[in-house]
Q: 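Following this message is one structure expressed as structure tokens.
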Amino acid sequence: MKRFIDLVRVAVAGLTARKVRTLLILLGPILGVGAIVAAIGINESSKGYLKAQLQDLGTDLIVANAQDSLGGFGQTPRIPEDATERVSRLPDVTSVTGTYQISNVVTLPFDAAEDYYKAFPVPIIATGLNLPETMEVPMVSGRFINKFDYEQSARVAVIGRDLADEYGYLRGEQRTISLNGIDYGVVGVLDWVLLEPSMDSAVFIAFSTAEKDWEIGNQDPTRLYVRAPTNTQLVAEEIPTVVSLGGPDGARTSVPTDLLNAESQVDESLNTLTQLMGGLALIVGGVGIANVMSISVIQRSSEIGIRRALGHTRTTIAMQFLFEALVVGVLGGIFGALAGAGVVWFTSWSRDYVMILSLSSLVGWSLVSVAVAVASGLYPSMKAARLEPLETLRLG
Amino acid sequence: MVESLLSLESVSRIYGTDVEVHALHQVSLEIFSSDFMSIVGPSGSGKSTMLGLLGLLDVPTKGNVKVNGVDATSMNDFQRSRLRGDAIGFVFQQFHLIPHLSALGNVETALLYRGLSPKERKKKAAESLGKLGLGGREDHRPVQLSGGEQQRVAIARAIVTDPLVVLADEPTGALDSENAENIMKVFADLKSPERAVCLVTHDMEIADSTDRKITMKDGEIVQDLIQGSEK
Ligand SMILES: Nc1ncnc2c1ncn2[C@@H]1O[C@H](COP(=O)(O)OP(=O)(O)OP(=O)(O)O)[C@@H](O)[C@H]1O
Ligand SMILES: [Mg+2]
């Protein structure tokens with residue numbers, strides 16, 4: 001152990017004596033390790049953001065839009081009640097909510113704002129009562145539309161969180177909004193719906209109320225939101241069949257998180273490529289180390305000679321130079337990993353990524369740097385050990 | 001009979017393979033523990049070659065080198081290096097200080113890999129430098145020292161391990177006469193019953209001041225003279 005520490009001391013002294021040269025040979029491993037760590041880190045961090053978002057959203061929500069399987073024109077296709085029933089009875093389905101978006105209704109927080117809200121109409125959505133459960137979104141304040149509201153066709157509304165902000169709606173406030181001049185009482189505010197951002201500035205009312213006030217014909221929805229925590233893909237494929245059952249009604253399904261999911265997969269071929277390039281940089285750095293150290297051995301032949309005269313063995317001399325390479329590899333690995341991590345941190349910070357750095361790639365590539373450096377130091381070390389002390393001392 | 005400390009037994013050293021240079025030819029020599037001796041001879045007569053063999057820095061082509069009666073020629077590099085580090089102290093004409101190390105660091109180098117703690121090493125090295133009048137110069141690099149001072153650091157390094165023999169190859173060769181004289185005083189002070197001192201020199205005055213003078217010519221010892229000086 002003492003011998004090991006002695007060797008490290010001697011190697012460090014040898015390296016610090018030639019600072020510029022040491023810095024130059026350090027550049028190889030630093031750049032190599034730094035580049036690889038940065039490339040992998042940025043690649044994964046850019047996906048990490050999406051992955052984190054997916055975690056939040058859950059990947060088990062299916063959207064089914066009504067579609068007229070016979071290609072009928074004119075009328076908006078709807079999903080009849082019995083079809084909704086069948087979907088909700090599917091084994092993997094935990095929750096189904098139908099919605100119907102009403103058009104040509106101008107919603108006003110107060111009368112003076114009429115011009116603005118005519119230009120930018122707020123969506124009015126007739127919805128089933130379990131929308132918060134299906135979307136897995138809590139209420140910010142108040143309550144959602146309930147069974148009583150439905151039975152009474154009550155003129156109550158729930159508004160999205162962005163709309164509440166826009167209207168300056170205060171928590172728990174007694175407030176009405178005007179839908180084409182009909183006043184509705186606001187009973188609650190729904191939190192942000194990440195998978196359906198249009199809901200954030202929407203007004204929700206009960207189907208019964210919509211049927212009474214807005215002439216939607218019946219209470220069939222145009223869209224179903226289906227939560228299926230298991231076999232999500234399978235359920236998505238089944239729904240069109242379950243809805244139509246050979247009849248004229250149809251549906252087209254999609255899983256909104258599918259796209260995100262695909263995007264969030266780390267590009268393996270890109271990773272392999274960057275690792276290859278980084279490995280190459282490390283090898284080039286290794287060749288640099290071998291080169292510089294070989295020259296160093298010649299320049300330091302007198303030092304080697306006198307060390308031999310002082311009783312250092314050939315093995316000790318070889319170890320001394322090998323340790324110089326080792327220290328270069330270790331420092332190069334550490335600083336390279338730090339530099340790479342710094343780049344990943346900065347990139348994540350400036351692009352709002354969630355920083356992901358796998359410890360295994362940090363440690364792994366630092367070790368590769370050490371291995372390359374030691375391998376590069378092998379030849380110069382042998383050369384140093386083989387020098388004949390008397391000859392090097394004669395040369396002065 | 002007095003046991004010899006170092007001995008050469010009909011040692012030959014031939015350099016080169018294609019063109020052979022017979023640097024030493026069947027040389028026998030015994031060095032005793034209180035010897036204070038010099039080796040003289042014309043250039044190329046084999047003085048340095050013999051010193052290298054005596055100091056176990058080289059192995060003979062033929063013959064044996066013995067330290068305290070133990071044959072060193074059959075040893076492996078590790079054993080020979082260890083023995084060299086323990087028993088021999090070298091001083092060279094060109095000082096051969098390691099340029100990036102301080103005076104202290106240079107002396108310490110002789111104590112490395114011997115299981116000593118850095119603290120013990122530093123203490124011993126500083127003592128040795130002190131003996132040579134270099135107290136206070138421990139942190140100076142070789143370039144900050146004069147030639148005479150550098151050679152004294154080299155001598156401090158040679159004796160810090162308390163060797164049986166100090167071998168010096170023209171230790172005053174690179175110094176002016178005043179510094180040379182000072183260094184010779186240092187060597188005279190190294191004289192001790194427990195230690196042999198052996199100098200290669202071109203300076204007849206120096207050679208005459210030693211107790212024993214060996215003269216070489218063409219790879220052979222032609223004279224081995226005990227000089228009955230004042231003592
Ligand atoms: N490595 C070597 N390869 C070939 N020949 C060598 C080698 N080292 C020394 N010689 C030769 O061996 C002979 C003895 O050399 P050595 O250095 O021992 O002489 P020296 O007495 O020390 O000379 P000087 O007084 O000039 O230092 C010389 O002829 C020299 O050229
Ligand atoms: Mg010589």
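A note on names: the letters A, B, ... follow the listed sequences, proteins ahead of strands, and every chain is numbered from 1. Just so you know, these numbers use all the heavy atoms, side chains as well, and skip hydrogens, waters and symmetry mates.
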Q: Of all heavy-atom pairs between B/Leu112 and A/Arg307, which one has the smallest distance, and what is that distance?
A: CD1-NH1, 3.9 Å
Q: Any heavy-atom pair between the side chains of B/Glu108 and A/Asp6 that's under 4.5 Å?
A: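 Result no, sub-4.5 Å side-chain heavy-atom pair not found.
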Q: Please step through side-chain contact (heavy atoms from CB on, under 4.5 Å) for the pair A/Ile306 and B/Phe92, ending with a clear verdict.
A: CA-CA 9 Å; A/Ile306 195 66; B/Phe92 297 92; 3.5 Å; yes
Q: Heavy-atom pairs under 4.5 Å with chain A: which of B/Pro163, B/Gly115, B/Gly52 has the most?
A: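 Sorted descending by pairs with chain A, the first entry is B/Gly115.
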Q: Could you grab the distance from atom CG of A/Leu15 to atom NE2 of B/His100, nearest 0.5 Å is fine?
A: 9.0 Å
Q: With side-chain contact (heavy atoms from CB on, under 4.5 Å) as the test, would you mind laying out the steps for B/Phe90 and A/Leu393 before giving the verdict?
A: CA-CA 11 Å; B/Phe90 278 102; A/Leu393 291 170; over 6 Å; no
Q: Looking at A/Lys383, I want to see if its NZ is surrounded by more than 12 non-hydrogen atoms of other residues, nucleotides or ligands under 6.0 Å.
A: yes
Q: Counting heavy atoms not belonging to B/Tyr15, are there more than 12 under 6.0 Å from its OH?
A: yes
Q: Chain A heavy atoms under 4.5 Å from B/Phe78: which part of the residue, side chain, backbone, both or neither?
A: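 Answer is both: backbone and side chain atoms of B/Phe78 are under 4.5 Å from chain A.
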Q: May I have the step-by-step check of salt bridge (Lys or Arg N to Asp or Glu O under 4.0 Å) for A/Arg394 and B/Asp169, ending in yes or no?
A: CA-CA 10 Å; A/Arg394 205 187 286 271; B/Asp169 196 347; over 6 Å; no
Q: As an exercise, state the distance from CD1 of B/Ile98 to CD of A/Glu303, rounded to the nearest 0.5 Å.
A: 4.5 Å
Q: So which residue, A/Thr315, A/Thr316, A/Leu310, ends up with the most heavy-atom pairs under 4.5 Å with chain B?
A: A/Leu310
Q: Which bit of A/Ile5 comes within less than 4.5 Å of chain B, counting heavy atoms only: side chain, backbone, both or neither?
A: neither
Q: Could you look at B/Pro118 and say if it's the side chain, the backbone, both or neither that has a heavy atom under 4.5 Å from chain A?
A: side chain
Q: So what's closer than 4.5 Å to chain A heavy atoms on B/Arg80: side chain, backbone, both or neither?
A: neither
Q: Taking all non-hydrogen atoms of both residues into account, name the closest pair between A/Ser302 and B/His96 and its distance.
A: OG-ND1, 3.1 Å
Q: For chain B, which candidate among A/Arg18, A/His312, A/Arg9, A/Arg3 shows the most heavy-atom pairs at distances under 4.5 Å?
A: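 Winner by heavy-atom pair count: A/His312.
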Q: For each of A/Gly14, A/Gly305, A/Ala309, tally heavy-atom pairs with chain B at distances under 4.5 Å, and name the one with the top tally.
A: A/Ala309
Q: Considering non-hydrogen atoms only, spot the tightest contact between A/Ala13 and B/Leu101 and give its length.
A: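 Reported closest heavy-atom pair: CB-CD2, 4.2 Å.
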Q: Should we count CE of A/Met355 as having more than 12 external heavy atoms under 6.0 Å?
A: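 Result for CE/A/Met355: enclosed.
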Q: Between A/Arg308 and B/Asp58, does the salt bridge (Lys or Arg N to Asp or Glu O under 4.0 Å) criterion hold? Intermediate values first, please.
A: CA-CA 11 Å; A/Arg308 295 298 316 282; B/Asp58 195 9; over 6 Å; no
Q: Let me confirm one number: the CD-CG distance from A/Glu388 to B/Leu57, rounded to the nearest 0.5 Å.
A: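 The CG atom of B/Leu57 is 9.5 Å from CD of A/Glu388, to the nearest 0.5 Å.
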